[in-house]
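Have a look at the structure below before the remarks.
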Amino acid sequence: MKSYFADLHIHIGRTNSGKPVKITGAKNLTIENIFHEASTNKGMDIIGVIDCHVPEVLHKLEKDLLTGKYREHPDGGIRYKKTTLFLGSELEIFDEDCQGPIHVLAFMSHLEKMRKFSEWLRPFVKNIHLSSQRIYVRARALQEKIKELNGLFIPAHIFTPHKSLYGKGVNKSLTEVFNPNLIDALELGLSSDTEMASQLKELENYPFLTNSDAHSLSKIGREYQRLYLKEPTFNEFQLALMKKNGRHIIANFGLNPKLGKYYETYCESCGKQVGFTTKDGCCPICGTKKVIKGVKDRLLELADRNHPIQNRPPYVHQIPLEMIPGIGKQTLAKLKKHFGTEMNILHNVPFETLCKVVPEKIAYFIMASREGKLQVKAGGGGVYGRVTDN
């Protein structure tokens, strides 16, 4: 048994033929580049690529398995060097039970099962070749299909104001839309953490995941978790979610929620942080209704308990290297040249050793990030927060 780093929400920007998959994803975000970046530069042991339902992506993976470029593990997942890929799909639900659209993640153990899932999806989406498509079936029917294929069902970025479970999808409870017994885990999103999410009693039995939702190569590993497994496979991950046979989530590593772009409530019209809005939903400053309710305020509405968190992995407020003051492209390249992957730099390299490569102030910032002590200024209204250098 050992620990493994896992980021389970990474998009594909383009197929190998250049066709778009995630429209807002970077053009160089291909399967090959994702594998290389995750394994060589980031140090991710497990990645979840959530556009694997796309037929051209499936065909590419099948072809590369035949040539030996990748190999499929009997217990689930596709291996390349030191990294295992979990086959995922992000979908948008907006059925008659929803108040707004909800994004969810589905993961399959093997390519054959993702192929079957893709074929089942085709008649229910407008374009099977694109990411995050709205699926025209009931949420519970989707859950049942995923379970029929022995897959995992995980609501995505559950508190963000747009296209999420609590941001838009339900009034108060996930039971308004989903079968609670068919949910395997919940993804928190960049603007929340374990302490915030634990204010909801109905979430106490679900494991929390922290993932990057990467739309570019550099954002892979922006958030992730450390897992305790026998080996990095799909079956082992399932056991970890259920806390069986010693497998478990060791810790979640994510941004301080204040750095998320939907933490504070903002008015789109006047650009001000407004806190709670008036009862009619208008901005108390300029009077318009162009208000984006922040995750902090939405959770204050939903909270139904305030006792301490129990039986949860620690949540570490860790800042990615590219967001640390003083670390530009050249400095990051120098750090990787000396110490290898970003995970090694963030977690293992001693302060004194860092100081031999970068100025002491930058080494201090890296250590402060490791310990969750960097100071931040809150974001909101679609604008990320930022790390301050004091």
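On a predicted model such as this, the values are computed, not experimentally measured, just so you know.
- Hydrophobic clustering (ILVMFWY, side-chain heavy atoms < 4.5 Å, transitive): Ile34 and Val54 are in one cluster.
- Although no hydrogens or angles enter the test, the distance criterion places no donor-acceptor pair under 3.5 Å between the side chain of Glu264 and the main chain of Gly379.
- The pair Arg312-Glu195 does not count as a salt bridge, with every side-chain nitrogen at least 4.0 angstrom from each carboxylate oxygen.
- Counting non-hydrogen atoms of neighbouring residues, nucleotides and ligands closer than 6.0 angstrom, the NZ atom of Lys147 exceeds 12 such neighbours.
- Salt-bridge formation is not detected for the pair Glu119/Lys116: no Lys NZ or Arg NE/NH1/NH2 atom is positioned less than 4.0 Å from an Asp or Glu carboxylate oxygen.
- Under 4.0 Å is where a charged nitrogen must lie from a carboxylate oxygen, and between Glu342 and Lys42 at least one such pair does.
- No donor-acceptor pair closer than 3.5 Å links the side chain of Ser164 to the backbone N or O of Pro161.
- When each of Ile46, Asp184, Leu152 is paired with Phe237, the side-chain contact (heavy atoms from CB on, under 4.5 Å) condition holds for Leu152 and for no other.
- Placement of Met108 and Leu142 within a single hydrophobic cluster is found when ILVMFWY residues are connected by side-chain heavy-atom separations under 4.5 Å, directly or transitively.
- A salt bridge does not link Lys201 to Asp304: none of the charged nitrogens lies less than 4.0 Å from a carboxylate oxygen.
- For Asn127 (side chain) and His129 (main-chain N/O), a donor-acceptor pair under 3.5 Å exists by modelled atom type.
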Full working for side chain to side chain contact (heavy atoms under 4.5 Å, CB included) between Ile10 and Asn211 = CA-CA 8 Å; Ile10 300 169; Asn211 300 313; over 6 Å; no

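- A side-chain contact (heavy atoms from CB on, under 4.5 Å) with Leu87 is found for one member of Arg115, His53, Met114 and no other, namely Met114.
- With a 6.0 Å radius and a threshold of 12 heavy atoms from other residues, nucleotides or ligands, Phe124 has its CZ atom above the threshold.
- For Tyr70 and Phe35, the distance between ring centers is under 6.0 angstrom.
- Of the candidates Lys168, Glu90, Lys163, Glu90 is the only one forming a side chain to side chain donor-acceptor pair (under 3.5 Å) with His103.
- Judged purely by atom type and a 3.5 angstrom limit, Asp75 has no side-chain atom pairing as donor or acceptor with the backbone of Asn235.
- The hydrophobic cluster containing Phe86 also contains Leu227, counting ILVMFWY residues as joined when their side-chain heavy atoms lie under 4.5 angstrom apart, directly or transitively.
- Under the 4.5 Å side-chain heavy-atom criterion for ILVMFWY residues, a single connected hydrophobic cluster contains both Leu255 and Phe253.
- Under the 4.0 Å criterion applied to side-chain N and carboxylate O atoms, Glu301 and Arg298 are assigned as salt-bridge partners.
- Under the 4.5 Å side-chain heavy-atom criterion for grouping Ile, Leu, Val, Met, Phe, Trp and Tyr, Ile128 is connected to Ile12 within one hydrophobic cluster.
- Between Arg138 and Glu96 there is a salt bridge, with a side-chain nitrogen of the basic residue lying less than 4.0 Å from a carboxylate oxygen of the acidic one.
- More than 12 heavy atoms of other shown residues, nucleotides or ligands fall within 6.0 angstrom of atom CD in Glu62.
- The pair Asp213-Arg222 does not meet the salt-bridge criterion, since no charged nitrogen lies less than 4.0 angstrom from a carboxylate oxygen.
- Residues Arg134 and Glu92 are paired through a salt bridge, judged by an N-O separation under 4.0 Å between the basic side chain and the carboxylate.
- Residues Tyr262 and His162 place their aromatic rings such that the two centres sit under 6.0 Å apart.
- Within the 3.5 Å criterion, the main-chain N or O of Ala6 finds a donor-acceptor partner in the side chain of Gln225.
- Asp7 places no side-chain N or O within donor-acceptor distance of the main-chain N or O of Ile47, the cut-off being under 3.5 Å.
- If you look at His317 and Tyr315, their ring centroids are closer than 6.0 Å.
- Side chain of Thr40 to backbone of Glu37: no donor-acceptor contact under 3.5 angstrom is found.
- Salt-bridge formation is detected for the pair Glu148/Lys145: a Lys NZ or Arg NE/NH1/NH2 atom is positioned less than 4.0 Å from an Asp or Glu carboxylate oxygen.
- By the 6.0 Å contact criterion, CD on Glu112 is open, its count of non-hydrogen atoms from other residues, nucleotides or ligands being 12 or less.
- Under a 4.0 Å N-O distance rule, the pair Lys22/Asp51 does not qualify as a salt bridge.
- A salt bridge between Lys219 and Glu322 is present, with a side-chain N of the basic residue lying under 4.0 Å from a carboxylate O of the acidic one.
- The environment of Lys289 atom NZ is sparse: at most 12 non-hydrogen atoms of other residues, nucleotides or ligands sit within 6.0 angstrom.
- Open room surrounds NZ on Lys272; 12 or fewer heavy atoms of other groups in view lie less than 6.0 Å from it.
- Residues Phe153 and Phe178 bring their aromatic ring centres within 6.0 Å.
- Of the candidates Val21, Asn16, Thr15, Thr15 is the only one forming a side-chain contact (heavy atoms from CB on, under 4.5 Å) with Lys19.
- In this structure, the ring of His347 has its center less than 6.0 angstrom from the ring center of Phe5.
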